[in-house]
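Beneath this line is the structure, given in structure tokens, with notes to follow.
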Amino acid sequence: MPRAASVSQPDPAAAAQVLRLRRRAEFLRAARGRKHAAPGLILQAYLRRADDPGTAIRAGFTCSKKVGNAVARNRAKRRLRAVAADLLPTLGHQGWDYVLIGRRDVTANRPYRALQNDLRAALARVHGRPG
RNA sequence: GCGGAUGGCUGGAUGGUCGCGGUGCAGCGCAUCGAGGAAAGUCCGGACUCCAUGGAGCAGCGGCGCCGGGUAACGCCCGGCCAGCGCAAGCUGAGGGAUAGCGCCACAGAGAAGAGACCGCCCCGGGCCACCGGGGCAAGGGUGAAACGGUGGGGUAAGAGCCCACCGCGGUCCGGGCAACCGGGCCGGCAUGGCAAGCCCCGCCGGGAGCAAGGCCAAAUAGGGAUCGCGCGGGGCCUUUGGCCCCGGGGGCUGCUUCACCCCCAGCAGGUCCGGGUUGGCUGCCAGAGGUCCGCGGCGACGCGGGCCCAAGAUGAAUGGCCAUCGGGGGCGCACGCGCCCUGACAGAAUCCGGCUUACAGGCCAUCCGCACCG
RNA sequence: GGGUGAUUAGCUCAGUGGUAGAGCGCUUCGUUCACAUCGAAGAUGUCGGGAGUUCGACUCUCUCAUCACCCA
């Protein structure tokens, strides 16, 4: 499966910029939205309303201390950032906030392709479309 | 060759591609830099900042503790001493004072600190001789973690530093050493149990809080309430409101006292608390007790001089994702000068240094010791 | 990042060098037709882990771990 397939498909305008969630309140709001737990990660998604206009896709990454020590938590968050940077510009919906949560041992060790598929499936599940 | 001891280093490499953070260039973009030996625990020591500043003394509290040296400093390091362990190389030690004082030493045991006689030993007297009474003794047994010097000999009724030799202990003198301490002589005749990570004594050190310290800017709100402390005289100058200066007094000066200096004294300022708002940006924030090489001094820690190098500054927090090759380790097959698969230690900067402690797969280097073999 | 405190029975806590305790809970028996109450008896511990000091450590010292709280 050549990686070029995912890059050529959308037009550049649709590939919106992905901003970063920075505030605790934004994380808490996303936690009240739609959720799906995939083997390699947990996805939370929330559609911003008129209170916060804008069409940007935003994403945040987090790991609890259950994931492990600082090395394990940072490694999980880096892999989540990598997979989100790969897929969210094309598969994410404008105006939505996403929070990706790392899972103990799995997020750091799962093959990258499987992790990509986990995010694809989770996005499809959250947006109500069949995988 | 086998086994062991000590000290030090390293702890994947290269390339491609897509990305992230900082810096520079006016800009597309390009260039360049981007985790550790422990970045960790926060156990010590500092730098720095605030408590207004700098000293002196006292008290309390805390820490340290063989001796000498190193250092900005230390509870760290180096060298030495003593004690214990080891055949040895070496390792370990909070290692001042127990005749300054107080306290504690459970149980057991006769007795646990100027003590004491349970089993006993010896002498005298008596006797219905399985014993009783009086006296002497502390060597032996027993208890205990520890029993009031140890071993041997003399001595004695039995014994005892009662006497003697050696050892220990204490005092003193001499020699060596900067010192801790070591060696030797003489005297004492035992008067000296352990615990100071119990109180304490002696010596030395230490004010408190910490970069979420602290400073600046912007935005926003009702610029609010409570409380603490001070609650002044005289004189002079300037053009009045008012301001400034001098003398005296009072207050602040973060345990107390005190000295110097500074500030304040009727204003709207200061300290604390409550309520409300903001949960933004800049700075502190990276060239330093820095690293490395050479020379000199020193046993060494380290110091001095010279040359060269510049090495992350993030803030929901960058340093990554994927792929290939090489190399290390493990497993399997084996056509064993081959192939396949798996794995990658402990762990991620948050103001910065010097230490300590703890975690750590594998690899490398140097020095030394013991045993065996060869010459 | 920095600073404090705690860890003892299933739970909440005492215990400041000398055989580890209280209350609640638990088990069994009694009382009752039965349950609760009440009464009687009983079980329960690597004192968070590891070193050191001491004859002897829950206690004193060091070290590691875990948990909780505070800050602009």
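Just so it is clear: chains get the letters A, B, ... in the order the sequence lines come, proteins before strands, and each one is counted from 1.
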Practice task
May I ask which nucleotide in the shown strands pairs with B:rG210, Watson-Crick or G-U wobble, both distances under 3.5 Å?
Solution key: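 Partner of B:rG210: B:rC48.
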Do the side-chain N or O atoms of [X] get closer than 4.0 angstrom to the phosphate oxygens (OP1, OP2) of [N]?
X     : N       : value
A:R20 : B:rC20  : no
A:R73 : B:rG348 : no
A:R78 : B:rU319 : yes

Is the glycosidic torsion of [N] within 90° of 0, making it syn, or is it anti?
N       : answer
C:rA20  : anti
B:rA35  : syn
B:rG355 : anti

Gap in Å between the two [atom1] atoms, one belonging to [N] and one to [M], rounded:
N       : M       : atom1 : value
B:rU258 : B:rC253 : P     : 13 Å
B:rA314 : B:rC211 : C1'   : 16 Å
B:rA47  : B:rG206 : P     : 12 Å
B:rG79  : B:rG57  : C1'   : 40 Å
B:rA98  : B:rC201 : C1'   : 11 Å
B:rG297 : B:rG70  : C1'   : 15 Å
B:rG36  : B:rG54  : P     : 39 Å

[X] [atom1] to [N] [atom2], straight-line distance once rounded to whole Å:
X      : N       : atom1 : atom2 : value
A:D86  : B:rG321 : CG    : C1'   : 8 Å
A:N69  : B:rG41  : CG    : C1'   : 14 Å
A:K77  : B:rU315 : NZ    : P     : 13 Å
A:R113 : B:rC323 : CZ    : C1'   : 10 Å
A:R75  : B:rC322 : CZ    : C1'   : 12 Å
A:F61  : B:rG19  : CZ    : P     : 16 Å
A:F27  : B:rA317 : CZ    : C1'   : 11 Å

Practice task
Kindly assign one of parallel, tilted or perpendicular to the pair A:H127 and A:H93, based on the angle between their ring planes and the thresholds 30° and 60°.
Solution key: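 Rings of A:H127 and A:H93: parallel, as their planes differ by under 30°.
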If you restrict it to nitrogen or oxygen atoms, what contacts under 3.5 Å exist between nucleotides 342-346 of chain B and the protein, and what is each distance?
none

Practice task
Report yes if the side chains of A:L21 and A:V99 come closer than 4.5 Å at any heavy-atom pair, otherwise no.
Solution key: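 Sidechains of A:V99 and A:L21: in contact.
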Practice task
Identify whether any heavy atom of A:A85 sits under 4.0 Å from a base atom; if not, whether one sits that close to sugar-phosphate; answer base, sugar-phosphate or nothing.
Solution key: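 Nothing, no heavy atom under 4.0 Å.
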Exercise for the section: Consider the side chain of A:T62, meaning its heavy atoms from C-beta on, and name the nucleotide among B:rC322, B:rG316, B:rG348 that approaches it most closely. Expected result: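 From the listed options, B:rG316 comes nearest.
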